[in-house]
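Here the structure comes first, spelled out in structure tokens, and everything after it is commentary.
We count ligands from 1, going down the list as the structure has it; atoms in each ligand are counted the same way. Note that the structure is predicted; figures quoted are calculated from it, not measured.
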Amino acid sequence: MSHEPSERCDIAVVGGGILGLAVARELALRNPAASICVLEREPRLASHQTGHNSGVIHAGVYYTPGSLKAQLCVEGARAMYEFCEQHGIPHERCGKVIIATGDSELGRLDELERRGRANGVAGLRRIDAGGIRELEPHARGVAGLYSPATGIADFGAVALALADELQQAGGTIATGCEVLGVAAAGRSLRLSHSRGTTEAGHAVFCAGAWADRLAVAAGAGPDPRIVPFRGAYLRLAPARRDLVRSLIYPVPDPSLPFLGVHLTRHIDGEVLVGPTALMVAARDAYALRTVRRRDLAQTLAWPGTWRMLAHWWRTGVTELRHAALRSSFVRAAARYVPELEPQDVEPSFAGIRAQALGRDGRLVDDFVFSHTERALHVRNAPSPAATSSLAIARYVADEAQRAFGETVRHV
Ligand SMILES: Cc1cc2nc3c(=O)[nH]c(=O)nc-3n(C[C@H](O)[C@H](O)[C@H](O)COP(=O)(O)OP(=O)(O)OC[C@H]3O[C@@H](n4cnc5c(N)ncnc54)[C@H](O)[C@@H]3O)c2cc1C
């Protein structure tokens, strides 16, 4: 249900994706006397990354031990399973295999195993070629890593359940309300938006693909910039869904924040193949032809873009090939499911990753949070941020208590 945007509130949360809603709910539960409003630019909640992803509850295998991703993913996966159980949201702890297709990938598989164990991922197990076939009869590889704690859920449904709880706790949600400007107004912030203005004691920005723009509007520096990467999926034709029992992943390139083309069973029974990772010309380029002049200009004017392209152009060409040629895309997945043929797949949806890119050309791997006067900003929350959302919400609420302490207590 959409409310009128509040003219005044104690804390405004900008963004009605899974993070904004989880943060707003956490703040509302911790501060029952505070007035909390969510402002979302689209007519519907969860319209962007939250509603367009692989739907995987990651267990925490990949991430550098000690990083925010490692800590918040492991904690967040536990919280996500619990939340889904408590709220009757369909989910399944179906397990996943990461497959090395040749000896050259074994060193990287060792490193993933080391990371997973250091991160405390439960039940992680090394398997051989026979073990892969036992778990996934149509998959092939020389060795694998099995993570029984990995699962699937519908993150869009989680977001809507979070919105319900927020509203039950007294919070409000205004959709169709795009925040356009942020200005200091005495002891508060004035958020100007497409439905008027909201004066908020404090604000938390969880704006996904638009995070950098709002942070800069609130007085933060431009680094890192968000660059949109489109992730397109294919899906297996219903008659070929038996090629995949649960989740099959390749060994990823450790220097890229993307996990490679994988095969994932969804909670509705569909099996997705993807996603690609193609830099695009709009932050909402769900259709490849969508070009937004402002988005494109900001991507091209960013020195990091050119540094990244100089380093990763070969990967870029491969991704372009995957995007243009179904056969090339399918071939990437057929490395570990050899029976897969181009006629076994159909086109499916695409999602746009909000990926932070440093001025130095580095694709920022870890989650990034920052402050400006009276505001907190989520500046980089790519995968596994949906898995981690409840843990991120606790982390951000702790930060809010430190940064907004007096107001959070007195409201
Ligand atoms: C292809 C793909 C696959 C993925 N797979 C997985 C996975 O399997 N597991 C996993 O854990 N994670 C996965 N992720 C990552 C995950 O989806 C995101 O990390 C997560 O959804 C981020 O949530 P969010 O709320 O920050 O972003 P979003 O869902 O993008 O929400 C941001 C919201 O802010 C709103 N907004 C922006 N600007 C404004 C403004 N000016 N005013 C008001 N509102 C504004 C937007 O409309 C949007 O609703 C994947 C992502 C993609 C794209």
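Residue pairs satisfying the salt bridge (charged side-chain N to carboxylate O under 4.0 Å, His left out) criterion with at least one member in residues 191-202, sequence neighbours excluded, are listed as follows: E4-R195, R8-E199, R190-E199.
Between T50 and ligand 1, a contact under 3.5 Å exists for at least one N or O pair. Residue-to-ligand polar distances keep W210 apart from ligand 1: every N/O pair is separated by 3.5 Å or more. The N/O atoms of V56, backbone and side chain alike, include one that comes under 3.5 Å of an N/O atom in ligand 1. Checked by distance only, ligand 1 and E40 come closer than 3.5 Å through their nitrogen or oxygen atoms. At a 3.5 angstrom cut-off on N or O pairs, L19 counts as close to ligand 1. Looking at V14 next to ligand 1, no N or O pair under 3.5 Å apart turns up. For ligand 1, one of its N or O atoms has an N or O atom of I18 under 3.5 Å away. Below 3.5 Å of separation, one finds no N or O of S47 facing any N or O of ligand 1. Checked against a 3.5 angstrom limit, the closest N/O atoms of Y233 and ligand 1 fall outside it. Some N or O of A381 is nearer than 3.5 Å to an N or O of ligand 1, by distance alone.
Taking the six-membered ring where tryptophan is involved, the planes of Y249 and Y62 are tilted, since the angle between them lies from 30° to 60°. Using bins of under 30°, 30° to 60° and over 60° for the plane-to-plane angle, the ring pair H322/F329 lands in the parallel bin.
Closest protein heavy atom to atom 43 (C) of ligand 1: R41 N, 3.2 Å. Annotation: atom 4 (C) of ligand 1 to nearest protein heavy atom, N53 CB, 3.2 Å. Closest protein heavy atom to atom 6 (C) of ligand 1: S383 OG, 3.7 Å. The protein atom (non-hydrogen) at minimum distance from atom 5 (N) of ligand 1 is S54 N, 3.2 Å. The nearest protein atom to atom 31 (O) of ligand 1, hydrogens excluded, is given as G17 CA, 3.5 Å; this is a heavy-atom distance. Of the protein's heavy atoms, H52 O, 3.7 Å lies nearest to atom 52 (C) of ligand 1.
Annotation for ligand 1: atoms under 4.0 Å from non-hydrogen atoms of C177 are 42 (N), 43 (C). Each of the following atoms of ligand 1 lies closer than 4.0 Å to a heavy atom of E178: 41 (N), 42 (N). The ligand atoms of ligand 1 that sit less than 4.0 angstrom from a heavy atom of I352 are 53 (C). Listed by number with element, the atoms of ligand 1 under 4.0 Å from a non-hydrogen atom of G55 are 8 (O). Against a heavy-atom cut-off of under 4.0 Å, E42 is close to the following atoms of ligand 1: 47 (O). Heavy-atom proximity to P382, at under 4.0 Å, picks out these atoms of ligand 1: 19 (O). The L39 neighbourhood of ligand 1 comprises atoms 43 (C), 44 (N), with distances under 4.0 Å to a heavy atom of that residue.
R30 has a carboxylate O that lies under 4.0 Å from a charged side-chain N of D398, or vice versa, which qualifies the two as a salt bridge. Salt bridge D253/R108: absent, no basic N to carboxylate O contact under 4.0 Å. Using a cut-off of 4.0 Å between Lys/Arg side-chain N and Asp/Glu carboxylate O, R115 and E111 are scored as salt-bridged. Salt-bridge annotation for E105 and R335: present, with a side-chain N of the basic residue lying under 4.0 Å from a carboxylate O of the acidic one. Salt-bridge formation is detected for the pair R25/E165: a Lys NZ or Arg NE/NH1/NH2 atom is positioned less than 4.0 Å from an Asp or Glu carboxylate oxygen.
Checking H58 against T150 by side-chain atom types alone, no donor-acceptor pair falls below 3.5 Å. Inspection of the H48 and Y286 side chains reveals an N or O donor paired with an N or O acceptor under 3.5 Å.
For atom 27 (O) of ligand 1, the nearest non-hydrogen atom from the set H58, Q49, R44 belongs to Q49. Comparing L180, I57, V179, T387 by heavy-atom distance to atom 11 (O) of ligand 1, the nearest is T387. The residue from P275, G15, C206 that puts a heavy atom closest to atom 32 (C) of ligand 1 is C206.
In this structure, the side chain of R245 does not engage the main chain of R265 through any donor-acceptor pair within 3.5 Å. Between the side chain of H266 and the backbone N or O of S54, at least one donor-acceptor pair lies under 3.5 Å. For the pair S147 (side chain) and G95 (backbone), a donor-acceptor distance under 3.5 Å is absent.
Every heavy atom of A350 sits 4.0 Å or more from the atoms of ligand 1. F229 does not count as a contact of ligand 1, since none of its heavy atoms falls under 4.0 Å from the ligand.
In this structure, D223 CG and R362 CZ are separated by 8.0 Å, a value rounded to the nearest 0.5 Å.
Figure legend: K96 and Y146 shown without cation-pi pairing, the cationic atom not lying both under 6.0 angstrom from the six-membered ring centre and within 45 degrees of its axis.
Take E341 and apply the salt bridge (charged side-chain N to carboxylate O under 4.0 Å, His left out) test, not counting sequence neighbours, and it matches no residue.
Contacts between A46 and ligand 1 below 4.0 angstrom, taking non-hydrogen atoms only, are absent altogether. The proximity of V378 to ligand 1, defined as any non-hydrogen pair under 4.0 Å, does not occur for either the backbone or the side chain.
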Q: Dump the intermediate steps for salt bridge (charged side-chain N to carboxylate O under 4.0 Å, His left out) on D365 and K69, then the final yes or no.
A: CA-CA 9 Å; D365 189 38; K69 270 192 180 176; 3.3 Å; yes
